[in-house]
Amino acid sequence: MVVTGFSGAIGNTPLIELRELSRQLGRRVLGKAEFLNPGGSVKDRAARGIVDDAEARAVLQPGGTIVEGTAGNTGIALALVANERGYDSVIVVPDDQSREKIELLRAYGADVRVVPAVAFTNPENYYHVARRIAEELPGAFWANQFENTANRRAHEATTGPEIWQQCDGRIDAFVAAAGTGGTIAGVAAALKARNGEVLTVLCDPMGSALYNYVNYGELKPEGDSDLEGIGIKRLTANFEGAPVDRAIRATDAQATAMAHWLLEHEGIFVGGSSGLNVVGAATVARELPAGSTVVTILCDGGGRYLSRTFNDAWLRENNFAKGQRLAKILESAPH
Ligand code: PMP
């Protein structure tokens, strides 16, 4: 099948049965291979959805500039959509993100503004800097992935229905982390619309406020995480009202060990957020009857983290282990 352009190549990613994981658990764990999107991450879908919507509303005009504040993957996706459609892009990135992602953004021709990583309440936070640039620059459109629900709708219209079709409606649970919340909210809505019995679970990193929000109705962060692209301390329009049944959480140590486990035992090379998602999926799978099917998201590729997750010196500095057994990874869950 021929697709048209970069945007046409987004989506319809494989749903991969994680064979060794499924064998050890006695439950099927399936990973939606979003790292195989043409821009290399799950954010290609959100970027396409946001730009399509902006064009349809005529808030982005020919020759205009797409502006966004991003942990990296959304910026990478927006820069590529911008190139495809003849827009400029200005991408504001906090300086605690992997240098691989920042270098990719520069290579793709985005105007990259690296800003200090400060709290959301600080006006110099990348989110506010991006908004101000968009306000001041003529012809600029602020993508605003956190509050712009074209993000969630992209997943409700594509990722969710693809998963449903690919597993023939035989799905017992869906588990994922949230950054903007667009992926989990959109996929959960699409699955629940088809079968209200599908269990939807947020797997939150430490330091994020959503675990307590989903389970206890209170936005309360506990602990800390350096995982890129996931975890948030506020309620976004994209996450608000998501049909999520409950939340669990996992640590950076678990996520990192799982990213290595997937590489070593499945030949699947993905980043830490995917590692966390698979920890969550395996945790939920173990609570379900044998033979159940649990689906999660493989968000981006491991190549974006060669200087961190897949760097031995970095692992040592952070006291993270690789080469752990599955049971060991899962049993170190936070309480
Ligand atoms: N993993 C990575 C690596 C990401 O960049 C993102 C996007 N922020 C996510 C997971 C989470 O996706 P979402 O924003 O749709 O919640």
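Note that ligands are numbered from 1 as they come in the structure, with each ligand's atoms numbered from 1 the same way. We count residues from 1, following the sequence as given.
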Student: Could you see which bit of Q145 sits under 4.0 Å from ligand 1, with heavy atoms only: side chain, backbone, both or neither?
Tutor: neither
Student: Check each atom of ligand 1 against the heavy atoms of G181 and keep those under 4.0 Å away; list them by number with element.
Tutor: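 Taking each heavy atom of G181 in turn, ligand 1 has 13 (P), 14 (O), 16 (O) under 4.0 Å.
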Student: Please confirm whether Y305 comes under 4.0 Å of ligand 1, counting heavy atoms of the residue only.
Tutor: yes
Student: Are any of the N/O atoms on A178, whether in the backbone or the side chain, positioned under 3.5 angstrom from an N/O atom of ligand 1?
Tutor: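 Min N/O separation from ligand 1 is not below 3.5 Å for A178.
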Student: Under 4.0 Å from a heavy atom of T183: which atoms of ligand 1 are those, numbered in the order shown and with their elements?
Tutor: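 Atoms satisfying the 4.0 Å criterion: 12 (O), 13 (P), 15 (O).
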Student: Taking atom types as modelled, find out whether E147 and N238 have a side-chain donor-acceptor pair closer than 3.5 angstrom.
Tutor: no
Student: Tell me which one of T13, N73, T183, T159 satisfies side-chain hydrogen bond (donor to acceptor under 3.5 Å, both in side chains) with E34.
Tutor: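 It is T13; the other options fail the test.
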Student: Short list, please: which atoms of ligand 1 are under 4.0 Å from a heavy atom of G182?
Tutor: 15 (O), 16 (O)
Student: For T74 and E68, test the side chains for any donor-to-acceptor distance below 3.5 angstrom and give the result as yes or no.
Tutor: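 Per modelled atom types, T74 and E68 side chains form no pair under 3.5 Å.
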Student: Should you measure from each heavy atom of G179, which atoms of ligand 1 turn up under 4.0 Å away?
Tutor: 11 (C), 13 (P), 14 (O), 16 (O)
Student: For a quick check under 3.5 Å, do R304 and S98 share a side-chain donor-acceptor pair by atom type?
Tutor: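 No - no donor-acceptor pair under 3.5 Å links their side chains.
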Student: Looking only at distances, can you tell me whether any N or O atom of C299, backbone or side chain, sits closer than 3.5 Å to an N or O atom of ligand 1?
Tutor: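 Min N/O separation from ligand 1 is not below 3.5 Å for C299.
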Student: Decide whether an N or O pair under 3.5 Å exists between V42 and ligand 1.
Tutor: no
Student: Tell me: protein heavy atom nearest atom 6 (C) of ligand 1, and distance?
Tutor: G229 O, 3.3 Å
Student: Within a distance under 4.0 Å of any heavy atom of E228, pick out the atoms of ligand 1 and give their elements.
Tutor: 2 (C), 3 (C)
Student: Against the six-membered ring of F6, is R85 placed for a cation-pi contact (under 6.0 Å from the centre, within 45° of the normal)?
Tutor: no
Student: Where does the angle between the aromatic ring planes of H260 and F310 fall among parallel (under 30°), tilted (30 to 60°) and perpendicular (over 60°)?
Tutor: tilted
Student: Could you check R27 against D172 for salt bridge (Lys or Arg N to Asp or Glu O under 4.0 Å), going step by step and ending with a plain yes or no?
Tutor: CA-CA 10 Å; R27 284 116 180 112; D172 298 292; over 6 Å; no
Student: Please report which non-hydrogen protein atom sits nearest to atom 1 (N) of ligand 1, along with the residue it belongs to and the distance in Å to one decimal place.
Tutor: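 Minimum-distance protein heavy atom for atom 1 (N) of ligand 1 reads S273 OG, 2.6 Å.
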Student: Numbering the atoms of ligand 1 from 1, which are under 4.0 Å from a heavy atom of I230?
Tutor: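 Listed by number with element, the hits are 1 (N), 9 (C), 10 (C), 11 (C).
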Student: Supply the atom-to-atom distance I16 CD1 to L18 CG, rounded to the nearest 0.5 angstrom.
Tutor: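 Reported value, rounded in 0.5 Å steps: 7.0 Å.
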Student: Going by atom types only, do S225 and D252 share a side-chain donor-acceptor pair under 3.5 Å?
Tutor: yes
Student: Would you say the ring centers of W314 and F320 fall short of 6.0 Å from each other?
Tutor: yes
Student: Please say whether N73 places an N or O atom under 3.5 Å from an N or O atom belonging to ligand 1.
Tutor: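 Yes, since at least one N or O of N73 sits under 3.5 Å from an N or O of ligand 1.
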Student: Mind checking whether T74 has an N or O less than 3.5 Å away from an N or O of ligand 1?
Tutor: no
Student: Looking only at distance, does D300 have an N or O less than 3.5 Å from an N or O of ligand 1?
Tutor: no
Student: Assign the ring pair W142 / Y127 to parallel, tilted or perpendicular, where the plane angle (0 to 90°) is split at 30° and 60°.
Tutor: perpendicular
Student: Closest non-hydrogen protein atom to atom 7 (C) of ligand 1, residue and atom name please, with distance?
Tutor: K43 CD, 3.1 Å
Student: Any N/O of T180 closer than 3.5 Å to an N/O of ligand 1?
Tutor: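 It does: an N or O of T180 is found under 3.5 Å from an N or O of ligand 1.
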